[in-house]
Trainee: 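Input: one structure, supplied below.
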Amino acid sequence: MKSGKFKHLLAALLLCSSAVATLPAFAHGAAPARHGGVVQTASDMSFELVPAADGAALYVVDHEADYNVKQMGGKLTVLNGAEKTEAELKPAGGNKLEAKGVKLGKGAKAVATVTEGRKTTTVRFTIK
């Protein structure tokens, strides 16, 4: 192959590879917060933890669509400094699970253990 043709081939390959490298990545990520809470992703789903007057709400979203939590349950564990509280997560209609009797203060750490049938998903949160 002559030197001139090789340079043109190399330039074309370089141009093609740079075009592919600049394409945006379309990865699944956490859904945006819809209820003013903290959102985390686990098991390809988004979980939004929201403080409530009498506890906390956990909203579940699957690929930007509300996920029916009727068959879900679990436990929410909250650490406020040295204080640890736990509450059962129960379906509250639509995509909402509720945990009564916990307080989500600023800086608190929370772990939601969500079960659906035999599948268990653990989600960790830090309250801002």
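All residue numbers refer to positions in the sequence shown, counting from 1.
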Trainee: Verify side chain to side chain contact (heavy atoms under 4.5 Å, CB included) between Val50 and Tyr59, making sure each step is shown before the conclusion.
Mentor: CA-CA 8 Å; Val50 181; Tyr59 295 91; 3.9 Å; yes

Trainee: Only one of Lys96, Met45, Glu48 forms a side-chain contact (heavy atoms from CB on, under 4.5 Å) with Val60, so which one is it?
Mentor: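 Between Val60 and the candidates, side-chain contact (heavy atoms from CB on, under 4.5 Å) is satisfied uniquely by Met45.
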
Trainee: For Phe47, give me all partners under ring-ring contact (aromatic ring centres under 6.0 Å, His included), at least two apart in sequence or on another chain.
Mentor: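 With neighbours one apart ignored, the set is empty.
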
Trainee: Say you draw a straight line from OG1 of Thr85 to NZ of Lys103; how long is it, rounded to the nearest 0.5 Å?
Mentor: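 Nearest 0.5 Å value for the OG1-NZ distance: 10.5 Å.
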
Trainee: Return yes if some donor-acceptor pair links the side-chain N/O of Asp66 with the main-chain N/O of Gly94 below 3.5 Å, else return no.
Mentor: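 Not a single qualifying donor-acceptor pair exists.
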
Trainee: Hey, any chance Val39 and Ile127 share a hydrophobic cluster, counting ILVMFWY side chains that come within less than 4.5 Å of each other, even indirectly?
Mentor: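 Cluster IDs for Val39 and Ile127 differ.
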
Trainee: Rounded to the nearest 0.5 Å, how far apart are CG of Asn95 and CE of Met72?
Mentor: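 Going from the CG atom of Asn95 to the CE atom of Met72 covers 10.0 Å.
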
Trainee: Give, for atom CD of Gln71 and atom CD of Glu116, the distance between the pair rounded to the nearest 0.5 Å.
Mentor: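 The CD atom of Glu116 is 7.5 Å from CD of Gln71, to the nearest 0.5 Å.
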
Trainee: Between Glu86 (side chain) and Lys75 (backbone), is there a donor-acceptor pair under 3.5 Å?
Mentor: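 Not at all, since once roles are kept as given, no pair shorter than 3.5 Å links the two residues.
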
Trainee: Taking the side chain as everything from C-beta on, heavy atoms only, tell me whether Leu58 gets closer than 4.5 Å to Val114.
Mentor: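 A side-chain contact exists here, since the closest heavy-atom pair is under 4.5 Å.
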
Trainee: Write down the atom of Lys100, the atom of Ala87, and the distance for their closest heavy-atom approach.
Mentor: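 Shortest heavy-atom separation between Lys100 and Ala87 comes out as O-CB, 3.2 Å.
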
Trainee: Evaluate the criterion side chain to side chain contact (heavy atoms under 4.5 Å, CB included) for residue pair Asp44 and Asp62; output intermediate values, then yes/no.
Mentor: CA-CA 7 Å; Asp44 224 11; Asp62 184 17; 5.5 Å; no

Trainee: Answer with yes or no whether the hydrophobic clustering places Leu97 together with Phe125; edges join I, L, V, M, F, W, Y residues whose side-chain heavy atoms lie under 4.5 Å apart.
Mentor: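 Yes.
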
Trainee: For the atom pair OG (Ser43) and NZ (Lys119), what is the distance rounded to the nearest 0.5 Å?
Mentor: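 Interatomic distance, Ser43 OG to Lys119 NZ, rounded to 0.5 Å: 4.5 Å.
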
Trainee: Is there side-chain contact between Leu76 and Glu88, with at least one heavy-atom pair below 4.5 Å?
Mentor: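 No - every pair of side-chain heavy atoms lies 4.5 Å or more apart.
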
Trainee: Closest heavy-atom contact between Leu89 and Ala99?
Mentor: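 What the structure gives for the nearest pair is CD2-CB, 3.8 Å.
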
Trainee: Of all heavy-atom pairs between Val69 and Pro91, which one has the smallest distance, and what is that distance?
Mentor: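 Minimum heavy-atom contact is O-CG, 3.5 Å.
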
Trainee: Using the rule given for side chain to side chain contact (heavy atoms under 4.5 Å, CB included), can you reason through Leu104 versus Val78, listing the C-alpha separation, both sets of side-chain angles and the distance that settles it, and then say yes or no?
Mentor: CA-CA 7 Å; Leu104 297 175; Val78 179; 3.6 Å; yes

Trainee: Show the numbers, then the answer: is there a side chain to side chain contact (heavy atoms under 4.5 Å, CB included) between Lys128 and Thr126?
Mentor: CA-CA 6 Å; Lys128 297 177 185 177; Thr126 300; 5.8 Å; no

Trainee: Just verifying a value: how many Å separate Lys84 NZ and Lys109 NZ, rounded to the nearest 0.5 Å?
Mentor: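 Going from the NZ atom of Lys84 to the NZ atom of Lys109 covers 15.5 Å.
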
